[in-house]
Amino acid sequence: MKYKSLGIFLIISSFFLTCILSIWKIMSTLQGLSFTNLNITQVFSIGILLSLAFVLIGNKINHLIKIFSLSFIFSIVYFYLNETSPYWYAFGVFLVTLFFMNKLKKYSMESLKEDFISEKIIFDFITLFGIVFFAFVILFPFYIMLVTSFKTQIALLVNPLDFSLDLTKSLTDLFRSYFVIFDTYNFGRYILISSAVSIGTVIVTLLFAIPAAYAVARLNFFGKNFLSTSILIIYMFPAIVLVIPLYTVFSQLGLRNSIFGLLIVYTATTLPVAIYMLQGYFKSIPKEIEDAGIMDGQNWFGIILKIIIPLSLPAIASVALYVFMIAWNEFLFSLMFLDSPKSFTLSRAIQYLSGDAETPRQYLMAGSVIVTLPVLFIFVYFEKYLVSGLTSGGVKG
Amino acid sequence: MSNTLLKLEKRTAYTLVLPAVLLVFAIVLFPIFANVWISFKNIELKDIRIPEPRVKKIVKLISENQSELKIIYKLRNSSLIQEIRNVQFQDKFPKDISPINLDSRCNFQSKKVICNFGNWEAKYRKNFEIIIRNDNSETIDVKLIKSQKPILSGKADNPLLSTNFTLENFKKVFYENNFVELLLTTFYFTFFGTVGAIIFGILAAQLVNQNIQGRTYMRGILLFPYVGPVVALAYTWTLLLDPNSGTLNALLVNFNIIEKPINLLGQKYITMSILGFEFKLRLALTTVIFFEIWRYFPLAFLFILARLQAIPQSLYEAADVDGASPIQKFIHITLPQITAIISILFMIRFIWNFNKFEDIFLLTGGASGTRTLPINVYQQGFAVSDIGMGSAVSIVIVMLLISFMVIYFRLIGKRANEI
């Protein structure tokens, strides 16, 4: 029994080590190192020896000393067997191994005798592997987006794997793509338009949604149930089926190529979800507080303004952020309604840029970084509000 | 007393709700009905412009002292297909100026020339001249004359409002549009995109729900693909997967995993052989599905994580006492707790993926076997410029959506009773 779990432990742990070392190697390759072999079998077999040494030594020496010395030995063996590579790469291998050894902390010859230990080992390492896998798969495209914007077309065609930043260049050279898209392609204007449309949408949506949500949450009127179910149903209808009629009507009314037209459409399409999210929150506010307001002689306007809004600021904030993100990221309507570069939003401008096959990719990626950064920044900064917004309304997208 | 209060409440409610309802009605509900109307019409992109009479004013000198001027109006019908009826023309002149030999269709009164040009057929294009003279033989200010813009008006049929209907569009949708393949592609994309996103969502939620370091950061990072703008992400992926100098292909070739680059987004089929069996895989479609999964599994993850965190820890502690293995705990405790949310997610995501346009449009533009119904709406309406046909495809989408929703509410209704 003990040897079976020991075997599983050795195989799984060294498999994990192989994975993280391969990722490190791939990332280093993208910095211009010329590796052509992942050496999976080699790393795997040294990894087995390493894990075996780890459990055999057990508690005989201090954990820190143990992992440092084992990682050090591993790195030396690894470099003895492999081609020469720069010191920073070797140091990285050492750190990755150290991280790996630290994760082995809870295993020893004794712990391998526990119940269900093989399942636990598998679960543990799948968890670790999963975290590394998900983090890598998610962050990798963002990383490529960022580093491509600092390279030049020629450098990328010569060696598509070299994403290293040439820090000897001046800052203006490094950020050249950004200067170009602001100077030549007018991205400053598009940022302004996108911000105006998104912030405008948030304000108008809230102006319409707060009273409506209050009525749905609190007041009795004919057709209320019908209204609250139809909100959800309308929400399910996609933009693509609205596009042709809206395009024809907007063309005839001269609303195409206008920020105002875009604002109306964005507001109307985000209103159902805003109302849905807000009314859920308004219902949770105790009615007694409002009754006090009514006693003071407030009308509905006063109640909403002086009682409901101050009490539901967190919910309003999450609706506002959610609507802002939808409007900022929106693409289909801006593609349909905006033809003239004078009224482009950021998303539409990037798509327009990509339509020209001559546009160097670093400009495209610089534009992408510019459109992505504000959203990610807002998301990271206000994560708490946004996550609650996403869970209550985020079926869309 | 209470009756008046009730009335007041009702009135207040309607004033509060009405603006939002009207706006949503105009922008969301009206187009859905308008689609039905347009889909029965033979109408193209160029038809939707209402024809209008247009004019260009040119001033010419004909006498030396500029006391007489010739004005040429270039008149035309903006439409190439439709006539404009009862065109009225009006131009204003400064004082002391009068026209000579005025056209019989026009008359001059209170400093204005007013003409009735009658009907203009399609493509109408003619010049119309007026000679004006200063009554005191003084010089006429040409700039002043030029700055005055003539006004034209006329009646034209709005082709959108005419009442000739046809079934042609629907015939084309079903018989000339590879409809079966279109539908199959849409369902293939929708089904695998949804299932994949949910599977990865469960895995990610299960991971983050353990007591690992940096759990909150991990949750934030996992949501990045969902909150990022689709344009930026799609183009990044296109670069990443590019066969010529894309990072992924370059890496795979560099480490000798593949011999030559694969055009992941531009190749319809790839022949794979597993265990001696050869089969064809829809390559571009599969790549697009993977992008879809990458972008939307965060949402499934978020919902499932919220559900997982609501499962009482005592259940797991009791299982520990009974000596349950991790797999048993997952199958007998976790899974039953998340089936409800998974089925809701499946249906909602199914509907949304079914409608997905941007992702496919930006990645492949609907080429190499990735043409789905929403892409077809765009292609018919704007690439082929057949608005009526595009609307007919939209109607097909709406009908399918309505049937999904009926199924959805039936099943959810049952589910609600079960829980």
Asks: For residues B/Y235 and A/S368, is any side-chain donor paired with an opposing acceptor at under 3.5 Å?
Replies: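 No, no side-chain donor-acceptor pair sits under 3.5 Å.
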
Asks: Which answer fits B/Y14, side chain, backbone, both or neither, if we ask what part of it has an atom under 4.5 Å from a heavy atom of chain A?
Replies: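 Side chain only.
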
Asks: Would you mind checking which part of B/I38 comes under 4.5 Å of any heavy atom in chain A, side chain (CB onward), backbone (N, CA, C, O), both or neither?
Replies: side chain

Asks: Select one option (side chain, backbone, both, neither) describing which atoms of A/I210 are under 4.5 Å from chain B's heavy atoms.
Replies: neither

Asks: Which answer fits B/D242, side chain, backbone, both or neither, if we ask what part of it has an atom under 4.5 Å from a heavy atom of chain A?
Replies: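 Just its side chain gets close to chain A.
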
Asks: Would you mind checking which part of B/A234 comes under 4.5 Å of any heavy atom in chain A, side chain (CB onward), backbone (N, CA, C, O), both or neither?
Replies: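 Neither part.
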
Asks: Please classify the contact between A/I304 and chain B as side chain, backbone, both or neither, with a heavy-atom cut-off of under 4.5 Å.
Replies: side chain

Asks: For B/E358 and A/F331, work out which heavy atoms get closest and say how close.
Replies: CG-CD2, 3.6 Å

Asks: So, A/W328 side chain and B/P229 main chain: donor-acceptor pair closer than 3.5 Å or not?
Replies: no

Asks: Taking side chain as everything from C-beta outward and backbone as N, CA, C, O, which of these in B/L373 sits under 4.5 Å from a heavy atom of chain A? Side chain, backbone, both or neither.
Replies: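 Contact with chain A is absent: no heavy atom of B/L373 under 4.5 Å.
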
Asks: Please look at B/L345 and chain A and tell me whether the side chain, the backbone, both or neither of the residue comes under 4.5 angstrom of a heavy atom of that chain.
Replies: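 Neither part; nothing is under 4.5 Å.
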
Asks: How long is the gap from CD1 on B/I221 to CG on A/L139, to the nearest 0.5 Å?
Replies: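 B/I221 CD1 to A/L139 CG: 5.0 Å, rounded to 0.5 Å.
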
Asks: Give me the atom names and distance for the closest heavy-atom approach of B/L207 to A/I131.
Replies: CD1-N, 3.7 Å

Asks: Output the option from B/G228, B/A34, B/G323, B/G220 having the highest count of non-hydrogen pairs under 4.5 Å with chain A.
Replies: B/G220

Asks: Provide the closest heavy-atom pair for B/V227 versus A/F379 in the form atom of the first, atom of the second, distance.
Replies: CG1-CD1, 3.8 Å

Asks: Indicate yes or no for a side-chain donor-acceptor contact from B/N355 to the backbone of A/I240 under 3.5 Å, with no hydrogens or angles considered.
Replies: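 The answer is no, because no donor-acceptor pair under 3.5 Å joins these two groups.
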
Asks: How far apart are the C-alpha atoms of B/F297 and A/F134, what are their side-chain angles, what is the distance that settles it, and do they pass the ring-ring contact (aromatic ring centres under 6.0 Å, His included) test?
Replies: CA-CA 11 Å; B/F297 91 86; A/F134 276 114; 5.2 Å; yes

Asks: Against chain A, work out which of B/V230, B/I32, B/I351 has the most heavy-atom pairs shorter than 4.5 Å and name it.
Replies: B/I32

Asks: Of all residues at least two apart in sequence or in a different chain, which pass the side-chain contact (heavy atoms from CB on, under 4.5 Å) check with A/N220?
Replies: A/K224, B/E9

Asks: Examine whether an atom of B/F30 lies under 4.5 Å from a heavy atom of chain A, and if so say whether it belongs to the side chain, the backbone or both; otherwise answer neither.
Replies: side chain

Asks: How close do B/L23 and A/T267 get, counting heavy atoms only, and between which atoms?
Replies: CD2-CG2, 3.7 Å

Asks: What distance separates B/F25 CZ from A/S230 OG, expressed to the nearest 0.5 Å?
Replies: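 Nearest 0.5 Å value for the CZ-OG distance: 11.5 Å.
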
Asks: Can you tell which part of B/L222 gets under 4.5 Å to a heavy atom of chain A, answering side chain, backbone, both or neither?
Replies: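 B/L222 touches chain A through backbone and side-chain heavy atoms alike.
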
Asks: Nearest 0.5 angstrom please: A/I144 CD1 to B/T236 OG1, how far?
Replies: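 So the CD1 of A/I144 and the OG1 of B/T236 are separated by 9.5 Å.
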
Asks: Which atoms of B/I327 come close to chain A, meaning under 4.5 Å heavy atom to heavy atom: side chain ones, backbone ones, both, or neither?
Replies: both

Asks: Would you name the heavy atoms of B/G381 and A/I244 that are closest together and state the gap between them?
Replies: CA-CD1, 4.2 Å

Asks: Taking side chain as everything from C-beta outward and backbone as N, CA, C, O, which of these in B/L362 sits under 4.5 Å from a heavy atom of chain A? Side chain, backbone, both or neither.
Replies: side chain

Asks: Relative to chain A, which segment of B/F382 carries a heavy atom at a distance below 4.5 Å: side chain, backbone, both, or neither?
Replies: side chain

Asks: Can you say whether B/V21 sits under 4.5 Å from chain A via the side chain, the backbone, both, or neither, judging by heavy atoms?
Replies: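 For B/V21, side-chain heavy atoms alone lie under 4.5 Å from chain A.
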
Asks: Would you mind checking which part of B/I387 comes under 4.5 Å of any heavy atom in chain A, side chain (CB onward), backbone (N, CA, C, O), both or neither?
Replies: both

Asks: Going by salt bridge (charged side-chain N to carboxylate O under 4.0 Å, His left out), name the pairs with one or both residues in residues 24-35 of chain B, residues two or more places apart or in two chains.
Replies: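 Sorted pair list comes back empty.
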
Asks: Which atom names give the shortest non-hydrogen contact between B/A13 and A/F221, and what distance separates them?
Replies: CB-CD2, 3.3 Å

Asks: How far apart are the C-alpha atoms of B/L16 and A/L219, what are their side-chain angles, what is the distance that settles it, and do they pass the side chain to side chain contact (heavy atoms under 4.5 Å, CB included) test?
Replies: CA-CA 10 Å; B/L16 294 179; A/L219 305 174; 4.0 Å; yes

Asks: Given that the side chain runs from C-beta out, which part of B/F361 has a heavy atom under 4.5 Å from chain A: side chain, backbone, both or neither?
Replies: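 Side chain only.
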
